[in-house]
Amino acid sequence: MILPREFYKRDALTVAKALLGKIVVHETAEGRSAGRIVETEAYVGPEDKASHAYQGLRTKRTETQFGEKGHAYIYLIYGLYYCFNVVVGEVSGKPEAVLMRALEPVEGIQLMSKRRSAAGGNVVKLANGPGKLCAALGISNRQNGLDVCVPPFFIQDGPVVSDEEIETATRIGVDYADEWKNKPWRFYIRNCSFVSVRNK
DNA sequence: TGCACGATTCTCT
DNA sequence: GAGAATCGTGCAA
């Protein structure tokens, strides 16, 4: 079952944890591919300096973060890779988002391998990083702003993940964010070999 | 109009 | 473990 829009209308930290174990599905002309979310990060703008929407910065790029909850916020990073976020939050118009950092491939693995030739056929390396995850699912800026509550690009319910299985850590790649970089706003499933390796 | 840089990944040593 | 690849964005000029 596809997660309802209400699911995203909660604060970013809550949704980031709740998304663990859910399934991201992308249906394309090439076929269907899907993965279980095993790692996320919360971005609580506009007070979060690590967020692109820090201080309410509203531009062409961040526009979708201010839009309706449950839509995809996808952007290009380092001119090479895409990162996939979902717009969330209790307050309408407040730019909160959850970044998907890693997936466990569950469907269309062959197709994912084809898109991620660098993984060398290693399933673990197919989507254990934000840029990899997008490449594996065939996500690019064309999917930016899409509603993830309806096909062909959506998130559906998955096996329940108990609190004991959820590990908390600091976010990655945001050293420039002063005090915000130390916030324990990264969540992942304990003992899961599919989470991105880097730590601290 | 121009310029520096990033919510990263891959390859080679 | 270091360095390159690569381009849209944000801000200065």
Side-chain angles (χ1 to χ4, degrees), chain A residues 8 11-13 15-17 19-20 24 35 37-67 71-89 94-105 112-146 148 155 167-188 193-200:
Chain A
Y8 305 100
D11 72 273
L13 299 181
V15 180
K17 270 192 285 192
L19 277 172
L20 292 175
V24 180
I37 299 170
V38 298
E39 184 178 3
T40 63
E41 272 180 22
Y43 284 85
V44 187
E47 59 265 34
D48 181 2
K49 190 170 183 180
S51 168
H52 288 160
Y54 177 53
Q55 289 185 328
L57 179 66
R58 183 168 185 161
T59 62
K60 194 172 182 180
R61 176 173 65 152
T62 63
E63 185 63 30
T64 52
Q65 280 200 61
F66 292 84
H71 282 231
Y73 170 52
I74 295 161
Y75 65 92
L76 183 67
I77 188 64
Y78 298 116
L80 294 172
Y81 303 99
Y82 291 98
C83 289
F84 167 41
N85 304 246
V86 177
V87 180
V88 302
K94 185 182 177 186
E96 295 190 19
V98 175
L99 167 69
M100 312 298 160
R101 287 196 57 87
L103 295 181
E104 172 185 346
M112 291 174 142
S113 296
K114 182 180 157 194
R115 290 174 176 145
R116 293 261 312 121
S117 54
N122 185 334
V123 178
V124 173
K125 294 182 179 177
L126 277 182
N128 63 333
K132 301 177 185 178
L133 167 166
C134 288
L137 289 180
I139 297 172
S140 70
N141 57 348
R142 287 195 307 281
Q143 277 71 39
N144 186 34
L146 283 189
V148 298
I155 300 177
E167 194 77 56
T168 302
T170 54
R171 293 178 293 183
I172 289 177
V174 292
D175 289 345
Y176 60 87
D178 299 335
E179 70 268 29
W180 297 99
K181 73 181 180 187
N182 295 318
K183 297 288 181 184
W185 291 348
R186 170 172 164 234
F187 307 95
Y188 59 93
S193 54
F194 293 92
V195 304
S196 58
V197 194
R198 291 168 56 196
N199 206 345
K200 297 206 171 170

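Below, chain A is the first sequence line, B the second, and so on; all start at residue 1.
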With a 4.0 Å limit, can you tell me whether Thr59(A) has a side-chain N or O closer than that to the phosphate oxygens OP1/OP2 of dG10(C)? yes
Find the distance between CZ (Arg116(A)) and NZ (Lys125(A)) and round it off to the nearest 0.5 Å. 9.5 Å
Rounded to the Å, how far apart are Trp180(A) CH2 and dA7(B) C1'? 16 Å
Kindly compute the distance separating OH (Tyr188(A)) from OG1 (Thr40(A)), expressed to the nearest 0.5 Å. 11.5 Å
Specify the residues of residues 137-145 of chain A, ordered by number, for which at least one heavy atom lies under 4.0 angstrom from an atom of DNA chain C. none
May I ask you to say what Arg116(A) touches in the nucleic acid, namely base, sugar-phosphate or nothing, with a heavy-atom cut-off under 4.0 Å? sugar-phosphate
Output the distance between atom OH (Tyr73(A)) and atom CZ (Phe66(A)), rounded to the nearest 0.5 Å. 9.5 Å
Value in whole Å for how far the C1' atom of dG6(B) lies from CD of Glu41(A): 14 Å
Within 45° of the axis and under 6.0 Å from the centre of the six-membered ring of Tyr82(A), does NZ or CZ of Arg142(A) qualify? no
Considering only side-chain heavy atoms of Leu57(A), which listed nucleotide, dA7(B), dT8(B), dC11(C), is closest? dC11(C)
Between P of dG10(C) and CD of Gln55(A), the distance in whole Å: 14 Å
Full working for side chain to side chain contact (heavy atoms under 4.5 Å, CB included) between Val38(A) and Leu103(A): CA-CA 5 Å; Val38(A) 298; Leu103(A) 295 181; 5.8 Å; no
Can you say whether a donor on the side chain of Tyr75(A) sits under 3.5 Å from an acceptor on the base of dA7(B), or the other way round? yes
Spacing of Leu126(A) atom CG relative to dT9(B) atom C1', expressed in whole Å: 14 Å
For DNA chain B, produce a single dot-bracket line, 5' to 3'. Pairs: Watson-Crick or G-U wobble, both distances under 3.5 Å. Symbols: ( ) within strand, [ ] crossing, | other strand, . unpaired. ||||||.|||||.
Nucleotide dG8(C), atom C1' - distance to OH of Tyr82(A) in whole Å: 9 Å
Please state how far atom CD1 in Ile77(A) lies from atom P in dT6(C), giving the value in whole angstrom units. 16 Å
Please give, in whole Å, the distance from dC7(C) P to Tyr78(A) OH? 16 Å
Face-to-face stacking of Tyr43(A) with dA7(B), centres under 5.5 angstrom, angle under 30°: yes
It should be established whether His52(A) places a side-chain nitrogen or oxygen under 4.0 Å from OP1 or OP2 of nucleotide dT9(C). no
Should Tyr8(A) and Val98(A) count as side-chain neighbours, where that means a heavy-atom distance under 4.5 Å? no
On DNA chain B, more 5' by nearest nucleotide between Ala118(A) and Leu76(A) is Leu76(A)
Tell me, do Lys183(A) and Val44(A) make a side-chain contact under 4.5 Å, heavy atoms counted? no
The residue, Lys132(A) or Val98(A), whose nearest nucleotide of DNA chain B is more 5′ is Val98(A)
Rounded to the nearest 0.5 Å, how far apart are CG of Leu99(A) and OG of Ser51(A)? 11.0 Å
So, is Tyr176(A) near the phosphate of dA7(B), with a side-chain N or O under 4.0 Å from OP1 or OP2? yes
Approximate separation, where rounding is to 0.5 Å, of Leu126(A) CG and Met112(A) CE: 6.5 Å
Does Arg61(A) put a side-chain nitrogen or oxygen below 4.0 Å from OP1 or OP2 of dG8(C)? no
Atom CD of Glu96(A) and atom CG of Leu13(A): how far apart are they, to the nearest 0.5 Å? 8.0 Å
Rounded to the nearest angstrom, tell me the gap between atom CD in Gln65(A) and atom P in dA7(B). 12 Å
